Novice: 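Once you've had a glance at the structure underneath, I'll fire off some questions.
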Number of protein chains: 2
Amino acid sequence: MGPEELSLLPVAVDVVVFTVAPASNGRKPRLLALLVKVKEGPFAGRWAFPGGRVSSAETLDEAARRELSSQTGLARVFLEQLYTFGDPARDPGGRVVSVAYFALVPAAPALRTAARYAEAAWFPVRSLPPLAYDHDRIARVALRRLRAKLGYSNVAWSLLPPEFTLGDLERLYEAILGRPLDRRNFRKKALALGQLRPLGRVRRGPHRPGALYAFASRRPRLSPVI
Amino acid sequence: MGPEELSLLPVAVDVVVFTVAPASNGRKPRLLALLVKVKEGPFAGRWAFPGGRVSSAETLDEAARRELSSQTGLARVFLEQLYTFGDPARDPGGRVVSVAYFALVPAAPALRTAARYAEAAWFPVRSLPPLAYDHDRIARVALRRLRAKLGYSNVAWSLLPPEFTLGDLERLYEAILGRPLDRRNFRKKALALGQLRPLGRVRRGPHRPGALYAFASRRPRLSPVI
DNA sequence: ACAAAAGTGTTTCTACTACACCCATGT
DNA sequence: ACATGGGTGTAGTAGAAACACTTTTGT
């Protein structure tokens, strides 16, 4: 056995956090991703997904949550492992094996700006700035996964606040899929799944009020959805 | 930053190789997985999926192919990354982050028994022996993925020889899904997908000859299939 | 009044399911 | 002749897609 057999590698996690910007002053809601500014190394100054090294006593999931929380203050997100990127050349500053995650949070929470947090901001997924490392690739994989999961799971739940109208839900799907959906068909399917609980209240606004709903079960499910 | 921030970890790959045992003397074809005997450590003597440490200059895919080839002689397999297991306690001999792969090879090739190869054997997936480490978990994830991929990709291609009958294809699906399929419906769908090229020849045997087919494109595709 | 979102049914088409009999060959 | 796998069509059902107008509210 050569010395390579015993090689130890830095292992990192990178987290792609998606959210949806609520519709505002006439603009449709948009899918956003969270980026932080790289502080050091060859890519200093560029944007990248939050992440960092896995320490020796934690699981990968724990590392992802810890890094996300420490860099951006976000916690209690929906988190799922995405893919592991291990190309020796993916980080010119030295080989790092990175386990990528994707995460969902409801309604673009305001980011903490305290000094303890990294410089972070939400960017529209349609127009991300140039990213550090191989994070373009990670972004593509994450978006593909999110869209695919819309079709066979209820992950969309994790992007909505506790109460929402059917219009909110539909616009969410449209923002992620990047195409319009038929309102009547969408409502039929959404209601037929039996996962929505009508709250008996309405949301008022400068137009006809919409009935408010909540998800019957808060936990992610794998039943086919929409 | 504490010292954990700089921790280096052993990174390994583990490969779940599936194949299908051809039907023989009246028994239906069965889905098999390849196991090797663990030589050292707390699990010495138990069976595990082939794999090993990733060395410093290779990609993860390369490491998977190298380990598979060096331990079992198998090459040119269909290979796809599955999931990364990083629980600190998954290997009682010391923490190892393992990137699991799943691989498909046609028609259970005879395994090399030369001294340079590990002791390896094919086992029916239905009745695997007790496995080392957390490889039971890896096995479940791999089987779930294989079954899911049958539904929306043409991975089955990689499990069949260059020529086959529709009966072969159907029995392959039945072996993986673990349930019988309707022959007429299966043939309709398989042919309707336009991925099969009739070879104009038949396979003879102690019964009516079956028309031979080949896959129109050798490359894996993601078009919905069966 | 008007702007803006909510709400509602029917028809068409497609895809999936269930189901049973005859055919060609080797032994 | 018989055992074995190969080959074929139809009817019923369920789900997806296309499609336009009326309602309710705030301003």
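Lettering follows sequence order; numbering is per chain, from 1. It should be emphasised that the depicted structure is a prediction, and the values quoted were computed from it without experimental measurement.
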Novice: To the nearest Å, give me how far apart CZ (A:Phe186) and P (D:dG15) are.
Specialist: 18 Å

Novice: Between C1' on D:dT24 and CZ on A:Arg203, what's the gap in Å once rounded to a whole number?
Specialist: 16 Å

Novice: Which of the following nucleotides, D:dG9, C:dG9, D:dG6, is nearest to the side chain of A:Lys188?
Specialist: C:dG9

Novice: Give the nucleotide from the list D:dC19, D:dT8, D:dA16 with an atom nearest to the side chain of A:Arg184.
Specialist: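 Within the option list, the nearest is D:dC19.
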
Novice: Answer yes or no: is there an ion pair linking A:Glu174 with A:Lys28, defined by an N-O contact shorter than 4.0 Å?
Specialist: no

Novice: Give the nucleotide from the list D:dG26, C:dG7, D:dT8 with an atom nearest to the side chain of B:Arg187.
Specialist: D:dT8

Novice: Could you check how far CG of A:Leu177 sits from P of D:dA17, rounded to whole Å?
Specialist: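 So the CG-P distance, A:Leu177 to D:dA17, works out to 12 Å.
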
Novice: So, using side chain to side chain contact (heavy atoms under 4.5 Å, CB included) as the criterion, who are the partners of A:Lys37 when residues are at least two apart?
Specialist: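 Only A:Trp47, A:Glu119 meet the side chain to side chain contact (heavy atoms under 4.5 Å, CB included) criterion with A:Lys37.
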
Novice: Quick check for you: among D:dA17, C:dA6, C:dA18, whose closest atom lies nearest to any side-chain atom of B:Asn185?
Specialist: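 Comparing D:dA17, C:dA6, C:dA18 against the side chain of B:Asn185, the answer is C:dA18.
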
Novice: Excluding sequence neighbours, so at least two apart, what forms side-chain hydrogen bond (donor to acceptor under 3.5 Å, both in side chains) with B:Asp134?
Specialist: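 With neighbours one apart ignored, the set is B:Arg90.
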
Novice: Using whole Å, what does the distance between atom P of nucleotide D:dG5 and atom CG of B:Leu212 come to?
Specialist: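 So the CG-P distance, B:Leu212 to D:dG5, works out to 16 Å.
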
Novice: Roughly, in whole Å, what's the span from CG in B:Asp182 to P in C:dC21?
Specialist: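 Rounded to whole Å, this separation is 15 Å.
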
Novice: Any N or O donor-acceptor pair under 3.5 Å from the base of D:dT23 to the side chain of A:Arg208?
Specialist: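 Such a pair is found, so the answer is yes.
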
Novice: Does A:Leu35 reach the side chain of A:Phe49, with side-chain heavy atoms less than 4.5 Å apart?
Specialist: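 A side-chain contact exists here, since the closest heavy-atom pair is under 4.5 Å.
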
Novice: With a 4.0 Å cut-off on heavy atoms, is A:Arg171 in touch with a base, just the backbone sugar-phosphate, or nothing at all?
Specialist: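 The residue A:Arg171 makes sugar-phosphate contact but no base contact.
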
Novice: Check the distance between D:dA16's C1' and A:Leu193's CG and give it to me in whole angstrom.
Specialist: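 Rounded to the whole Å, the gap is 13 Å.
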
Novice: Can you see if the side chain of A:Thr165 gets near the phosphate of C:dA6 - specifically, an N or O under 4.0 Å from OP1 or OP2?
Specialist: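 Answer is yes, contact under 4.0 Å.
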
Novice: Within the 4.0 Å heavy-atom criterion, would you say B:Arg183 contacts the bases, only the backbone, or no part of the nucleic acid?
Specialist: base

Novice: Can you check the A:Lys28 NZ to C:dA4 C1' distance for me, whole Å?
Specialist: 14 Å

Novice: Aromatic rings A:Phe78 and A:Phe102: how do their planes relate, parallel, tilted or perpendicular, breaks at 30° and 60°?
Specialist: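 Perpendicular.
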
Novice: A:Leu169 CG to C:dG7 P: how many Å, rounded?
Specialist: 13 Å

Novice: Nearest to the A:His207 side chain among D:dA18, D:dG5, C:dA4, which nucleotide is it?
Specialist: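 Nearest to the side chain of A:His207 among the choices is C:dA4.
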
